[in-house]
Amino acid sequence: MKGVGGKIAGAVAALLTAALPIEAAAAGSQFSGWAAVVVAGDFHAHSGAPTEAFDNARHDVAQALVKAGFDPKNIQQFSVRPHNYPGENLLPSDPILIDNSLIALAKQAKDGCLVYFSSHGNTDGILVGDRLFSPDGLSKMVDEACGVRPTVVILSACYSGVFIRALSDSNRAVFTAARPDRSSFGCSESDRYPYYDDCILQSFPKVGDFSALATTARDCVAAKEIATGAKPPSEPQISVGAGLRPMLPFYSFSK
C-alpha cells in the first residue's frame, strides 16, 4: 500500500491539518498524543439498500474519542460517501489513503495508535469501499505506522474475529464484533448503528479504560441479541497483549 502520488499525499496532509468540528477534551489527557483513524467502510444495509448506520458510527465514535481525550487534529475519519457529509474533513474509504493517513498521523502523534472500522465483513476480511481489507494487510499497516507503540484496534463487522490471530501482539488490544465464524447484527436501513458500535458508544462513558470498554460492550451486545432474538450470538472477541496492560492509559470521559 505504498507509492501514492503527490496529489494523494497532498490531500492527506491538507486534511490532517484541518481541525475537526468537535470539542476537544481537557488538555493534558494521556491520549492527546495518540493517532486515530475511524473508518466507515460501506453504506449498504444487508438488503443492499442505503444505510447511515456505518457513517453514524464513524462520526459518533470520533466524537467519543475526543471526549475520552484524543486530540481532534490527530484523528482522521473516512467515509465511502464523503461528499454526503460536508464540513467533516473526510477522506474516501480507501486502504491506501487509510494506510498513508495513519503513517502521517503517527509521525505527529507518537504515543499510541487507535484503529476503528465499521463495515460489512466476511471470512476473508472487512469491506472498505469496493475492496476487502485482509487481516494480514491490516496487520502490516499497523506494524508499519505504529510499530511497538501501544495500539488498540476495534473492528465492527461480521466475521471480524478472523483478524484476531493476525493482529494480536504484546503491545496491542484487538476487539472484534464477532467470532471468526459468526455474523454480527444491526446494519439494516432502519438501524442507527450496528449493534457492536452502539454498545461501544453506550459503554464509553461508563468505563475508564479500553479493556473495560471491550468487556462492557460484549455484555451489551449479548443483551441486545437476546432482546431482539438475533441468532446465533455473535460473541465479540477480545485480545489484550500482556505487554500492553501496563502501558494502556485510563481515560476520563468528558460530558
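Since the model is a prediction, treat every value here as computed from it, not as a measurement.
S119 contributes a side-chain N or O that, together with a main-chain N or O of L127, makes up a donor-acceptor pair within less than 3.5 Å. When atom types are taken as modelled, the side chain of D94 and the backbone of R131 share no donor-acceptor pair closer than 3.5 angstrom. Judged purely by atom type and a 3.5 angstrom limit, N56 uses its side chain to pair as donor or acceptor with the backbone of R192. S156 places no side-chain N or O within 3.5 Å of a backbone atom of Y196 that could act as its donor or acceptor partner. Of the possible donor and acceptor atoms, one in the side chain of R149 sits under 3.5 Å from a partner among the backbone N and O of A106. Looking at S170, its side chain does come within 3.5 Å of a backbone N or O of G243 through a donor-acceptor pair. Side-chain atoms of Y251 come within 3.5 Å of backbone N or O of V207 as a donor-acceptor pair. At least one donor-acceptor pair under 3.5 Å links the side chain of R172 to the backbone N or O of L167. Listed for the Q77 side chain is no donor-acceptor partner under 3.5 Å among the backbone atoms of I75. At distances below 3.5 Å, not a single donor-acceptor pair connects side-chain atoms of D191 with backbone N or O atoms of P194.
I154 and F204 fall within the same hydrophobic cluster, where Ile, Leu, Val, Met, Phe, Trp and Tyr residues are linked whenever their side-chain heavy atoms come under 4.5 Å apart, directly or through other members. One hydrophobic cluster, built from ILVMFWY side chains closer than 4.5 Å, cannot hold both L132 and V115; they sit in different ones. Note: the hydrophobic cluster containing M247 does not contain F250 (ILVMFWY, side chain heavy atoms under 4.5 Å, direct or indirect links). Taking hydrophobic clusters as Ile, Leu, Val, Met, Phe, Trp and Tyr residues chained together by side-chain heavy-atom distances below 4.5 Å, V174 shares a cluster with V37.
Using a 30° and 60° split on the angle between ring planes, F70 and W34 fall in the perpendicular class, above 60°.
No salt bridge links D143 with K140; every basic N to acidic carboxylate O contact stays at or beyond 4.0 Å.
The shortest heavy-atom contact between S211 and V240 is OG-CG2, 3.9 Å. The shortest heavy-atom contact between T51 and S188 is OG1-O, 3.0 Å. Residues S134 and G137 approach most closely at OG-N, 2.9 Å, considering heavy atoms. The two atoms that bring P246 and A242 nearest to each other are CD-O, 3.6 Å, heavy atoms only. Between A166 and S139, the shortest heavy-atom distance links the atoms O-OG, 3.0 Å. Here the closest non-hydrogen pair linking D71 and S32 is CB-O, 3.6 Å.
Taking 4.5 Å as the limit, every side-chain heavy atom of E189 sits out of range of all side-chain heavy atoms of P50. L248 has its side chain out of reach of D209: every pair of non-hydrogen atoms, C-beta onward, lies at least 4.5 Å apart. Looking at heavy atoms from C-beta onward, K231 lies out of side-chain contact with E225 at the 4.5 angstrom threshold. The shortest distance between side-chain heavy atoms of F31 and L65 does not fall below 4.5 Å. Side-chain contact between R165 and P135: absent, with no pair of heavy atoms (C-beta onward) separated by less than 4.5 Å. Side-chain contact between S101 and L91: present, with at least one pair of heavy atoms (C-beta onward) separated by less than 4.5 Å. With a 4.5 Å cut-off on side-chain heavy atoms, S252 and S254 do not count as touching. Within the 4.5 Å cutoff, side-chain heavy atoms of F175 are placed close to those of V152.
Distance OG/S118 to CD1/I126: 7.5 Å, rounded to 0.5 Å. To the nearest 0.5 angstrom, R58 atom CZ is 12.0 Å from D197 atom CG. Between atom NE2 of residue H120 and atom OG of residue S183 there is a gap of 11.0 Å, rounded to the nearest 0.5 Å. C146 contributes atom SG, which lies 9.0 Å from atom CD1 of I103 (distance to the nearest 0.5 angstrom). Residue N122 holds its CG atom at 11.0 Å from OG of S160, rounded to the nearest 0.5 Å. Taken to the nearest 0.5 Å, the NZ atom of K224 stands 12.0 Å off from the CZ atom of F185.
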Full working for ring-ring contact (aromatic ring centres under 6.0 Å, His included) between F117 and F163: CA-CA 12 Å; F117 282 77; F163 285 85; 7.9 Å; no

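Judged by distance alone, the side chains of T228 and Y195 do bring a donor and an acceptor atom under 3.5 Å apart.
Taking the six-membered ring where the residue is Trp, the centroids of H44 and F54 are separated by 6.0 Å or more.
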